[in-house]
There are 2 protein chains.
Amino acid sequence: MNKDEFTRATDILNDYIQSRPLKYSEKRLVILRALLDSNRHLTAEELHSIVKDKDASIGIATIYRTLRLFTECGISGELTLDGSTTRYYPALGKAHHDHLICIKCGKVVNIVSPGIEKTQEKLARENGFTLESHRLDLFGICSDCQK
Amino acid sequence: MNKDEFTRATDILNDYIQSRPLKYSEKRLVILRALLDSNRHLTAEELHSIVKDKDASIGIATIYRTLRLFTECGISGELTLDGSTTRYYPALGKAHHDHLICIKCGKVVNIVSPGIEKTQEKLARENGFTLESHRLDLFGICSDCQK
DNA sequence: ATCAATCATGATAATAATTATCATTATCAT
DNA sequence: ATGATAATGATAATTATTATCATGATTGAT
């Protein structure tokens with residue numbers, strides 16, 4: 001859908017691949033395009049079923065392997081809600097974001113709050129921690145589901 | 001360890017049991033005491049191995065069933081980090097709290113920040129959501145592990 | 001105290017998501 | 001082209017958790 005985004009993602013991916021003992025693969029590009037096009041938070045299974053329309057030979061194991069690779073090099077992110085299935089989403093070039101999740105329909109909205117981030121730093125410092133990352137998920141009911 | 005806490009917990013539990021078709025069980029009290037005494041974030045397996053010293057007949061299924069019951073009636077809480085094992089902790093009478101987690105040693109510190117809660121409410125409202133709950137986990141390195 | 005109804009439990013089978021294994025195929029530097 | 005090694009598909013293995021089911025415990029009515 002967004003050509004620039006795909007190009008930027010492949011650039012990052014290629015750099016990552018060339019900086020370590022990895023090799024090119026066409027299938028990774030098919031998976032990448034599907035992930036970027038959907039622009040949703042997908043499970044590995046969902047992505048697999050989308051991708052199979054383009055290349056029926058791609059197996060579920062490759063989906064998992066590839067998503068891990070994408071997450072390692074920063075072009076996708078992972079979201080796990082309460083010990084259940086992990087969902088993957090394009091994270092390229094986006095600032096770190098948190099999630100607002102509708103507990104009725106499952107919709108996920110990305111949110112950003114620099115204010116919260118600062119408070120988090122302070123809390124960590126007060127407890128002697130060096131902060132590495134965080135996860136903030138807000139659960140509620142979206143406007144559609146309130147009707 | 002803390003007798004008042006145990007008494008308060010059993011009161012809540014008894015009320016809960018009597019308010020629906022449930023029956024008394026001694027084993028639940030053994031599990032409750034172990035959970036309160038440890039005062040840590042335990043996996044079901046960890047709690048099971050602690051509890052077996054008191055009553056070797058308690059099986060892992062009962063641990064899971066009982067922890068779910070405790071969480072339902074508010075005397076324990078659940079914490080799941082990134083799709084892995086769920087940990088359970090005493091939540092009785094504690095205000096809602098977030099977690100500060102050491103990524104080296106696994107230590108979990110409870111934190112409270114009214115400021116963050118308010119910002120969350122605002123973010124939810126801005127996106128048309130009614131907020132129900134949230135989960136905030138900060139990942140970092142604790143003072144011990146920085147040495 | 002007895003009894004019947006039904007909840008609680010232990011052992012274990014089942015499930016679901018993810019990862020590991022391994023034989024085969026593709027890539028890449030020479 | 002070739003040899004080394006990464007990528008892949010199919011599937012076995014793993015892990016945490018839940019469901020099943022036969023048995024034992026609790027409760028309320030008699």
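Here is the naming used below: chain letters follow the sequence lines, and residue numbers restart at 1 for every chain. Note that this is a predicted model, so its numbers are computed, not measured.
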### Task
Starting at atom CD of E78(B), determine the distance to atom P of dA16(D), rounded to an integer number of angstrom.
16 Å
### Task
Measure the distance from NE2 on H48(A) to C1' on dT8(D) and round it to the nearest whole Å.
12 Å
### Summary
Taking dT18(C), dT19(C), dT9(C) as options, the one with an atom nearest any side-chain atom of T62(B) is dT9(C)
### Message
Here's a test for you: under side chain to side chain donor-acceptor pair (under 3.5 Å), which of H99(B), H41(B), E46(B) qualifies with R87(B)?
### Response
E46(B)
### Task
Remember a base hit wins even if backbone is also touched, and classify T43(B) as base, sugar-phosphate or nothing at under 4.0 Å, heavy atoms.
nothing
### Task
Round to the nearest Å and state the distance from R20(B) atom CZ to dC7(C) atom C1'.
15 Å
### Query
In terms of the angle between their ring planes, are Y89(B) and H97(B) parallel, tilted or perpendicular, with boundaries placed at 30° and 60°?
perpendicular
### Task
Rounded to the nearest angstrom, tell me the gap between atom CG in D55(B) and atom P in dA8(C).
17 Å
### Aromatic F6(B) / basic R33(B) pairing, under 6.0 angstrom, 45° off normal
yes
### Task
Determine which nucleotide pairs with dG3(D), using a 3.5 Å limit on both distances of a Watson-Crick or G-U wobble pair.
dC28(C)
### Residue R28(B), side-chain atoms from C-beta onward, closest of dT9(C), dT12(C), dT8(D)
dT9(C)
### Residues R68(B) and Y64(B): side-chain donor-acceptor under 3.5 angstrom
no
### Task
Calculate the interatomic distance between I31(A) atom CD1 and dA7(D) atom P; express it in whole Å.
12 Å
#### Entry: From dA19(D), dT9(C), dA17(C), nucleotide with atom closest to A61(B) side chain
dA19(D)
### Query
Can you tell if the side chain of I17(B) reaches within under 4.5 Å of the side chain of R28(B), non-hydrogen atoms only?
yes
### Task
Please determine which of D137(A), T86(A), T85(A) meets the side chain to side chain donor-acceptor pair (under 3.5 Å) test together with T80(A).
T86(A)
### Query
Would you say Y64(B) reaches dT18(D)'s phosphate, i.e. side-chain N/O to OP1/OP2 under 4.0 Å?
no
### T86(A) side chain near dA17(C) phosphate (N/O to OP1/OP2, under 4.0 Å)
no
### Summary
When rounded to whole Å, the CG to P distance for the pair L29(A) and dA7(D) reads 13 Å
### Task
Calculate the interatomic distance between I60(B) atom CD1 and dA14(C) atom P; express it in whole Å.
20 Å
### Task
Please determine, for the side chain of R65(A), which listed nucleotide (dT17(D), dA11(C), dT8(D)) has the closest atom?
dT8(D)
### Query
Do the non-hydrogen side-chain atoms of Q120(A) and I116(A) ever get within less than 4.5 Å of each other?
yes
### Query
Out of dT19(C), dG9(D), dT9(C), which has the shortest distance to the side chain of K27(B)?
dT9(C)
### Task
Please state how far atom CD in E72(A) lies from atom P in dA7(D), giving the value in whole angstrom units.
11 Å
Could you list all N or O pairs between the protein and nucleotides 25-28 of chain D that sit under 3.5 Å apart?
unit_1  : atom_1 : unit_2 : atom_2 : d
dT26(D) : O2     : K23(B) : NZ     : 3.1

